[in-house]
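This one's a predicted model, so the numbers in the text were calculated from it and none came from an experiment.
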Amino acid sequence: MIDRIYNGVLDLNLKDIMIKAIIFDFNGTMIFDQEILEKSWTLFLKNLIHRKPTDEEFSNYIHGRNIEESIHYFLGDDVENINTLKLEKEKIYRDFCKADKENYKLVDGLPEFLDDLKMKNYVCAIATASGLDNISFHYENLKLYKWFDWNNIIYNDYSFKGKPSPEIYEKCIQNLNLKKDECIVFEDSISGIIAAKNAGVYKVVAINKNKMLPCEKADNIISDYKNAIKILE
């Protein structure tokens, strides 16, 4: 099967298969919040490690990873009061989201893409490393309830290993009562792409806003969702 990109439009050759579900990562995939996320981590860690995380650390130990694993990386496995630290970090993140009215929004073309998926009776799901408080915040503020049944959202409840382990996608597919090759995943992080590939889904589409992400493990690459509906034609 050959995949192509025509004028930035994704062609996944779906005519010969039966795709039933589209699964989205959230941060960096449905909203471009990388700057907000990095600002919140920088502020949170400022008085704890007295430096800003490096680009490599953001890529490998923050983006796509669950918060507990990230905190352990920076502060050690024996860090005390980790629950308090998690609450503090996530409050900083949500405060930045509320203050950044220009950038805190769904990615261009995504609402229209979700409308089309809903009209065509595709199941839409989310598999995110975000915790309950954050995904609840986004669910209400971004009106995700228009497209996503809350029961189709898998968030970080610490019952499974974080990305790049495939467990979050395996849990999502099981929750949907579907087969892995009936699902397409949209991801933005290296750890998330690896997780989805290892879960055995039919395709992994990388959303790569600034073309800075090494996406060689993804099947296809898009920069926004303006023409994403073409994957279903």
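Checking each of Leu106, Ile207, Asp108, Leu37 against Phe32 for a side-chain contact (heavy atoms from CB on, under 4.5 Å) leaves exactly one that passes, namely Ile207.
When atom types are taken as modelled, the side chain of Lys180 and the backbone of Tyr169 share no donor-acceptor pair closer than 3.5 angstrom. In this structure, Thr128 contributes its side chain and Tyr155 its backbone to no donor-acceptor pair below 3.5 Å. Judged purely by atom type and a 3.5 angstrom limit, Glu182 has no side-chain atom pairing as donor or acceptor with the backbone of Lys20. Checking side-chain atoms of Arg65 against main-chain N and O of Asn60 turns up a donor-acceptor pair under 3.5 Å. Between the Ser59 side chain and the Asp55 main chain, no donor and acceptor come within less than 3.5 Å of each other.
Every salt bridge (Lys or Arg N to Asp or Glu O under 4.0 Å) that Lys171 has, sequence neighbours left out, goes to Asp157.
Follow the hydrophobic side-chain contacts under 4.5 Å out from Val107 and you reach Tyr145 in the same cluster.
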Could you walk me through whether His63 and Asp188 pass side-chain contact (heavy atoms from CB on, under 4.5 Å), step by step?
CA-CA 9 Å; His63 293 303; Asp188 78 298; 5.5 Å; no
Please step through side-chain contact (heavy atoms from CB on, under 4.5 Å) for the pair Phe74 and Ile62, ending with a clear verdict.
CA-CA 10 Å; Phe74 288 104; Ile62 292 178; 3.8 Å; yes
Pair Ser189-Phe58, side-chain contact (heavy atoms from CB on, under 4.5 Å): steps then yes or no:
CA-CA 10 Å; Ser189 69; Phe58 275 122; over 6 Å; no
What verdict does the side-chain contact (heavy atoms from CB on, under 4.5 Å) test give for Glu35 and Asp100, after you've listed the backbone C-alpha separation in whole Å, the side-chain angles of each residue and the deciding distance to 0.1 Å?
CA-CA 10 Å; Glu35 183 177 341; Asp100 193 349; 5.7 Å; no
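Taking each heavy atom of Asp25 and Met30 in turn, the nearest pair found is O-CG, 3.4 Å. Of all heavy-atom pairs spanning Cys183 and Lys179, the tightest one is SG-O, 3.6 Å. Across Leu85 and Phe44, no two heavy atoms sit closer than the pair O-CE1, 3.5 Å. Of all heavy-atom pairs spanning Ile67 and Asn156, the tightest one is N-ND2, 4.3 Å. When all heavy atoms of Ile23 and Ala127 are compared, the closest pair comes out as CG2-CB, 4.0 Å. In this structure, Val204 and Ala196 approach most closely via the heavy-atom pair CG2-CB, 3.6 Å.
The structure places CD of Gln174 at 9.5 Å from CD1 of Ile154, a figure rounded to the nearest 0.5 Å. We find the OG1-OH distance between Thr29 and Tyr225 to be 5.5 Å, quoted to the nearest 0.5 Å. Interatomic distance, Lys161 NZ to Ile168 CD1, rounded to the nearest 0.5 Å: 14.5 Å. For the atom pair NZ (Lys203) and CD1 (Ile22), the distance works out to 13.0 Å, reported to the nearest 0.5 Å. Remark: Leu142 CG to Ile31 CD1 distance equals 6.0 Å, nearest 0.5 Å. Rounding to the nearest 0.5 Å places CG of Asp224 at 11.5 Å from CG of Asn208.
Residues Leu114 and Phe24 are in side-chain contact: their nearest non-hydrogen atoms beyond the backbone lie under 4.5 Å apart. Side-chain contact between Ile194 and Lys163: absent, with no pair of heavy atoms (C-beta onward) separated by less than 4.5 Å. In this structure, the side chains of Asn152 and Trp147 stay at 4.5 Å or more apart for every pair of heavy atoms. Using a 4.5 Å heavy-atom cutoff, the side chains of Ile135 and Trp150 are in contact. Taking 4.5 Å as the limit, every side-chain heavy atom of Leu110 sits out of range of all side-chain heavy atoms of Phe186. Contact annotation: the side chain of Ile71 approaches that of Trp41 to within less than 4.5 Å [non-hydrogen atoms, C-beta and beyond].
A salt bridge links Asp219 with Lys197; the closest basic N to acidic carboxylate O contact falls under 4.0 Å. Ion pairing between a basic and an acidic side chain is recognised when a charged N comes within 4.0 Å of a carboxylate O; Arg51 and Glu57 show such pairing.
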Anything under 3.5 Å between a donor and an acceptor, one on a side chain of residues 86-94, the other on a protein residue two or more places apart or in another chain? List them.
from  : atom 1 : to     : atom 2 : distance (Å)
Lys86 : NZ     : Glu68  : OE1    : 3.0
Lys86 : NZ     : Asn83  : OD1    : 3.3
Lys86 : NZ     : Tyr158 : OH     : 3.2
Lys89 : NZ     : Ser40  : OG     : 3.3
Glu90 : OE1    : Asn134 : ND2    : 3.3
Glu90 : OE2    : Asn134 : ND2    : 3.0
Lys91 : NZ     : Asp95  : OD2    : 2.9
Tyr93 : OH     : Asn27  : ND2    : 3.0
Tyr93 : OH     : Asp33  : OD2    : 2.6
Tyr93 : OH     : His138 : NE2    : 3.2
Arg94 : NH1    : Asn134 : OD1    : 2.7

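Ring centroid separation for the pair Tyr104 and Phe137 comes in under the 6.0 Å cut-off.
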